[in-house]
Amino acid sequence: MKLATFSAPGDPLARVGVVDATGTRLHDLAAVVPDMLTLIDGGAAALDQVRAALPTAPQYALRDVTLLAPIPRPRKNIICLGLNYAAHAYESARARGRPEVLPEHPVFFTKSVSSVNHPNAIIPVHSGVTEQLDWEVELAFIIGTPGSAVDPAQAMDYVFGYTVLNDISARDLQTRHQQFYRSKSLNGSAPMGPWIVTADEIPDPHALRLQLRLNGATMQDSTTADMIFTISQIIATLAQGGVVEPGDIISTGTPSGVGMGMQPPRWLQAGDVLEAEIGQIGVLRNTVG
Ligand code: MG
């Protein structure tokens with residue numbers, strides 16, 4: 001299922017909905033489940049309830065609703081992977097004049113919960129704060145089952161579903177503050193969506209094309225097959241002496257083709273339109289303003 005959080009025409013309240021197979025209509029599940037985190041917490045039984053309610057649920061044309069981030073306010077920071085595609089690790093090293101080496105272990109950082117942004121929403125340009133705002137299309141997955149000391153062979157059982165995340169990054173702040181948190185947590189810098197596709201519909205998340213278009217021009221075009229650390233390895237690593245918990249959002253890193261890697265670098269400016277697209281999920285579109 002494609003699970004969306006949305007607001008209906010004339011009502012700002014966030015609701016959960018299911019986008020139908022045609023991609024043009026949305027079933028309103030407000031009477032069945034109050035929000036996405038409650039649905040995720042409910043596990044398979046809650047998903048069964050949603051499926052059972054679909055035939056009689058009120059419907060809207062998708063174009064008439066406002067899509068919101070699937071999890072508008074996560075319980076924890078979004079966990080992100082840095083340098084998880086070789087070509088991107090190399091372009092980042094070149095741009096910073098550092099040696100071109102690949103990480104031996106996953107590089108983790110987080111984005112604040114307050115950085116979450118919505119499909120079709122404005123990404124603030126933050127003039128006066130940063131002059132080097134950049135894009136990063138990423139496959140993000142959402143944890144559905146609590147786990148610690150997870151066997152990598154069973155790790156995929158912990159995934160609830162997948163979405164698209166654009167890891168908007170202020171490169172000058174990344175350099176200035178040395179750690180990633182500040183540069184990755186500006187308001188509006190974590191657009192995600194347009195919905196969560198449940199894990200049963202994506203049997204191989206390492207066979208997805210991911211692309212980013214800037215004003216219609218393709219800047220990033222790669223495949224999730226090229227990740228250095230797989231989703232199983234990421235989950236197993238986080239759950240070693242730690243936990244993964246329902247509702248955790250984990251973003252798997254970006255391929256090459258970011259603005260920082262261009263000659264000269266291309267920084268985002270007001271009016272730019274970003275489309276982050278991942279096969280079997282959809283297109284996340286935002287405007288910089
Ligand atoms: Mg990233």
Side-chain angles (χ1 to χ4, degrees), residues 69 74 76-96 98 102-103 105-117 123 126 130 132-142 162-193 205-206 208-214 219-231 233-235 237-238 248-262 265-268 274-278 281 284 286 288:
K76 297 180 190 171
N77 281 7
I78 301 159
I79 300 165
C80 300
L81 273 282
L83 311 176
N84 201 28
Y85 288 77
H88 173 65
Y90 293 142
E91 76 178 346
S92 300
R94 279 195 299 274
R96 297 183 185 287
R98 294 175 184 165
L102 297 181
H105 303 281
V107 175
F108 292 110
F109 65 91
T110 71
K111 293 175 84 78
S112 73
V113 296
S114 54
S115 68
V116 169
N117 202 350
I123 298 169
H126 292 294
T130 175
Q132 299 186 352
L133 208 61
D134 204 347
W135 58 82
E136 294 190 352
V137 61
E138 305 195 2
L139 174 68
F141 62 93
I142 293 91
Y162 302 92
T163 193
V164 183
L165 189 143
N166 194 344
D167 176 18
I168 299 294
S169 306
R171 303 298 183 197
D172 41 4
L173 301 187
Q174 207 168 325
T175 308
R176 185 183 309 159
H177 298 284
Q178 300 194 33
Q179 292 204 347
F180 292 0
Y181 172 81
R182 165 87 176 129
S183 71
K184 301 280 194 170
S185 293
L186 295 180
N187 293 337
S189 68
M192 69 177 80
H206 291 293
L208 305 178
R209 186 178 184 184
L210 70 172
Q211 296 170 277
L212 185 130
R213 291 181 292 277
L214 171 65
M219 312 304 284
Q220 295 182 281
D221 188 356
S222 185
T223 163
T224 54
D226 286 348
M227 280 183 211
I228 298 172
F229 300 105
T230 63
I231 293 170
Q233 290 172 307
I234 293 166
I235 293 172
T237 304
L238 289 168
D248 287 356
I249 303 168
I250 302 170
S251 200
T252 55
T254 202
S256 62
V258 298
M260 174 181 64
M262 299 179 67
R266 169 62 161 93
W267 308 122
L268 289 169
L274 292 168
E275 290 170 298
E277 178 168 13
I278 301 184
I281 302 177
L284 172 68
N286 295 95
V288 180

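All ligand and atom numbering here is 1-based and tracks the order in the structure. Below, all heavy atoms of this structure are taken into account, side chains as well, without hydrogens, waters or symmetry copies. In this chain, numbering begins with 1 at the start of the sequence shown.
Each of Val116, Val113, Asp248, Thr110 was evaluated against Ile78; a single residue qualifies, Val116, per the side-chain contact (heavy atoms from CB on, under 4.5 Å) test.
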- Message: Working note: Asn84 + Val107, criterion side-chain contact (heavy atoms from CB on, under 4.5 Å); need CA distance, chi angles, decisive distance, verdict.
- Response: CA-CA 8 Å; Asn84 201 28; Val107 175; over 6 Å; no
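No side-chain donor from either of Thr252 and Glu138 sits under 3.5 Å from a side-chain acceptor of the other. Counting only N and O atoms by type, the side chains of Lys184 and Ser169 include a donor and acceptor under 3.5 Å apart.
In this view, Glu277 and Gln211, Arg213, Val283 satisfy the side chain to side chain contact (heavy atoms under 4.5 Å, CB included) rule, not counting sequence neighbours.
The pair Arg96-Glu91 fails the salt-bridge criterion, with no side-chain N (NZ, NE, NH1 or NH2) lying under 4.0 Å from an Asp/Glu carboxylate O.
If you look at the Mg ion (ligand 1), the protein N, O or S atoms less than 2.8 Å from it are Glu136 OE1, Glu138 OE2, Asp167 OD2.
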